[in-house]
There are 2 protein chains.
Amino acid sequence: MKQAKISDAVVKRLPIYLQVLNELKAREIKTISSQELGSRLEFNPAQIRKDLAYFGDFGRKGIGYEVDYLIDKIRHILKINQTIHVALIGAGNLGHALCNYNKYSNDNMQIVAVFDSYEPKIGTKINTLTVQPMNELAETIKQHNIRIGIITVPAQEAQNVANQLIAGGIEGILNFAPTILRAPEEVRVQHADFTKELLSLAYYLNNKEEEQDESSVD
Amino acid sequence: MKQAKISDAVVKRLPIYLQVLNELKAREIKTISSQELGSRLEFNPAQIRKDLAYFGDFGRKGIGYEVDYLIDKIRHILKINQTIHVALIGAGNLGHALCNYNKYSNDNMQIVAVFDSYEPKIGTKINTLTVQPMNELAETIKQHNIRIGIITVPAQEAQNVANQLIAGGIEGILNFAPTILRAPEEVRVQHADFTKELLSLAYYLNNKEEEQDESSVD
DNA sequence: TAGATTGTTAATCGATTAACAATC
DNA sequence: TAGATTGTTAATCGATTAACAATC
């Protein structure tokens, strides 16, 4: 265990490990080696061992990692052993989708409040939650000890919403709007913009390795 | 212009550049330097110049980059000057959200068919599209020259859907299901799993730099 | 014990950044 | 011309991988 500063690359991989481990658990596999975990993920086994070793000695030489134990450790590292309260701003289709995801996932992120600025939506229900007006945001954040805000409003409104979240004392933002948000350093902003994923996917369509063509761009 | 092989890191940044450039264009800014683009994105200017220079000499010394011209070039690189046909599998809330996004975005990705395996959904409409049964997938891919498939089904069904897409001759998959998909090398799979983003966000909540605590994990 | 696999150090690889000649 | 900014080379930094002693 070192607890130097952990690189973003490592942190990004932890949820991936967790995902596979959960699948292994569901299949009642008790133990896994970095070798095998690596082959499932197409990751280098040494990388996996190194990533995990940043946080502790979770494995056993000659044996590997115990699935249940490792799940628990990673959940602990990611803070999802404790429940984290989340607010969602933007009660559109995407907002609905996220609320549903929420129901089924077994991590302890919980959307506890939904907001929208569009008058007719206020007071409507999403599952058990009632859509609230934006002017209740700051108060609700305090009341429910909300630490993360998810932004699912159109791009033009996103910065404004972000500002309100920040003013309300939020610690992290997951932004689905296709725009760059400005935020103070102490507020972590994560961009979950699938249009970017889709566009970079497009790049690879005609660029399958050797068939690259000097003149293609120009 | 070199056209060696371009690293994933570079390709990931192109859509980000495009996004900012589009915003600049909307504000009728004609020209931008790597310096200023960098300050908006908190990217290093040299990195931006280098990224762009992989694809051509798009800038002008002493001046910077012409916004319109650069947009056009990046769109070209990403292949979104041409329309790319997309199929969406899974007509839930997330599927609906993506179909709507589609309407508003100005890139030429177009969802031209929607599929679902759940009987009652088949024949219902999402905007102008009619939800089709899975057994029409392969045929429709060919008919409409569909190159990308978006998977928005539950995790347990995702691999099965992916297999059908692959069998149908798809070139790229954008997977929203929180599971690892197996696919042959020539099919590019991009994971757009926001649960992972959310989880890594959680990590940073209590780990704000110096307040890190040796004993916290153990 | 012999075989397997970890945790970790050292070597490699690749990506980012600094610096600067070229030039608009 | 003088000032600005590119494209690109060289230097730096960081992340990945190989290798192996420790040990279950």
Side-chain angles (χ1 to χ4, degrees), chain A residues 1-14 16-17 20-21 24 29-71 73-74 77 200 209 214 217-218, chain B residues 1-14 16-17 20-21 24 29-71 73-74 77 200 209 214 217-218:
Chain A
M1 177 170 353
K2 272 180 288 189
Q3 206 67 330
K5 78 185 63 73
I6 310 295
S7 85
D8 284 8
V10 175
V11 175
K12 278 262 168 61
R13 284 192 292 266
L14 294 177
I16 301 175
Y17 299 147
V20 176
L21 289 165
L24 292 172
I29 292 165
K30 297 297 179 206
T31 262
I32 192 154
S33 67
S34 61
Q35 182 62 241
E36 200 179 320
L37 202 48
S39 90
R40 277 168 201 276
L41 290 167
E42 289 167 30
F43 287 3
N44 182 297
Q47 179 172 68
I48 294 173
R49 294 199 298 278
K50 201 162 202 247
D51 284 354
L52 296 174
Y54 282 119
F55 302 97
D57 291 2
F58 299 150
R60 290 213 282 160
K61 293 186 173 69
I63 312 265
Y65 300 88
E66 208 217 309
V67 173
D68 277 352
Y69 181 74
L70 192 52
I71 286 174
K73 284 302 183 189
I74 295 179
I77 295 163
S200 61
E209 284 98 79
E214 290 274 322
V217 161
D218 189 359
Chain B
M1 177 169 352
K2 272 180 290 189
Q3 207 66 329
K5 76 184 64 72
I6 310 293
S7 85
D8 284 8
V10 175
V11 175
K12 278 262 168 60
R13 283 191 294 265
L14 294 178
I16 300 175
Y17 299 146
V20 177
L21 290 165
L24 293 172
I29 291 166
K30 296 297 178 205
T31 261
I32 191 154
S33 66
S34 61
Q35 181 63 238
E36 200 180 319
L37 202 50
S39 89
R40 277 168 201 276
L41 290 167
E42 291 168 27
F43 286 5
N44 182 297
Q47 180 173 68
I48 295 173
R49 294 200 297 279
K50 199 159 202 252
D51 283 356
L52 296 174
Y54 281 119
F55 302 98
D57 291 2
F58 298 151
R60 289 213 283 160
K61 293 187 173 70
I63 312 265
Y65 299 88
E66 208 216 309
V67 172
D68 278 353
Y69 180 75
L70 191 53
I71 286 174
K73 284 303 183 189
I74 296 179
I77 295 162
S200 61
E209 285 98 81
E214 290 274 321
V217 161
D218 187 2

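Reminder, nothing fancy here: chain letters follow the sequence lines and each chain counts from 1. Only this structure's heavy atoms are used, side chains among them; waters, hydrogens and symmetry mates stay out.
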[atom1] of [X] versus [atom2] of [N]: gap in Å, rounded?
| X | N | atom1 | atom2 | value |
| --- | --- | --- | --- | --- |
| A:Lys5 | D:dC13 | NZ | C1' | 13 Å |
| A:Phe58 | D:dC24 | CZ | P | 17 Å |
| A:Glu36 | C:dT5 | CD | P | 9 Å |
| A:Tyr54 | C:dT8 | OH | C1' | 11 Å |
| B:Gln35 | C:dA19 | CD | P | 14 Å |
| B:Leu37 | D:dT6 | CG | P | 9 Å |
| A:Asp57 | C:dT5 | CG | C1' | 13 Å |
| A:Phe55 | C:dT8 | CZ | P | 14 Å |

Do the side chains of [Y] and [X] get nearer than 4.5 Å, heavy atoms only?
| X | Y | value |
| --- | --- | --- |
| A:Ile32 | A:Leu21 | yes |
| A:Leu41 | A:Arg13 | no |
| A:Lys73 | A:Phe55 | no |
| B:Tyr65 | B:Glu36 | no |

Checklist entry - For DNA chain D, whose closest nucleotide is more 5', that of B:Gly59 or that of A:Ala46? => result B:Gly59
Next on the checklist: Nearest 0.5 Å, please: how far is CD in A:Gln35 from CG in A:Leu37?
Outcome noted: 10.5 Å
Checklist entry - Given D:dT6, is OP1 or OP2 found less than 4.0 Å from the side-chain N or O atoms of B:Ser34? => result yes
Next on the checklist: Looking at A:Arg13, I'd like to know whether one of its side-chain N or O atoms comes within less than 4.0 Å of OP1 or OP2 on D:dT16.
Outcome noted: yes
Counting only side-chain heavy atoms from C-beta out, which of [options] sits nearest to [X]?
| X | options | answer |
| --- | --- | --- |
| A:Lys50 | C:dT8, D:dA22, D:dT8 | C:dT8 |
| B:Arg49 | C:dT17, C:dC20, C:dT5 | C:dC20 |
| A:Ser33 | C:dT6, D:dT16, C:dT17 | C:dT6 |
| B:Asn44 | C:dG7, C:dA18, C:dT23 | C:dA18 |

Item to check | Under 3.5 Å on both distances, the Watson-Crick or G-U partner of C:dT6 | outcome: D:dA21
Item to check | Counter-base of C:dC13, judged by Watson-Crick or G-U geometry with both distances under 3.5 Å | outcome: D:dG14
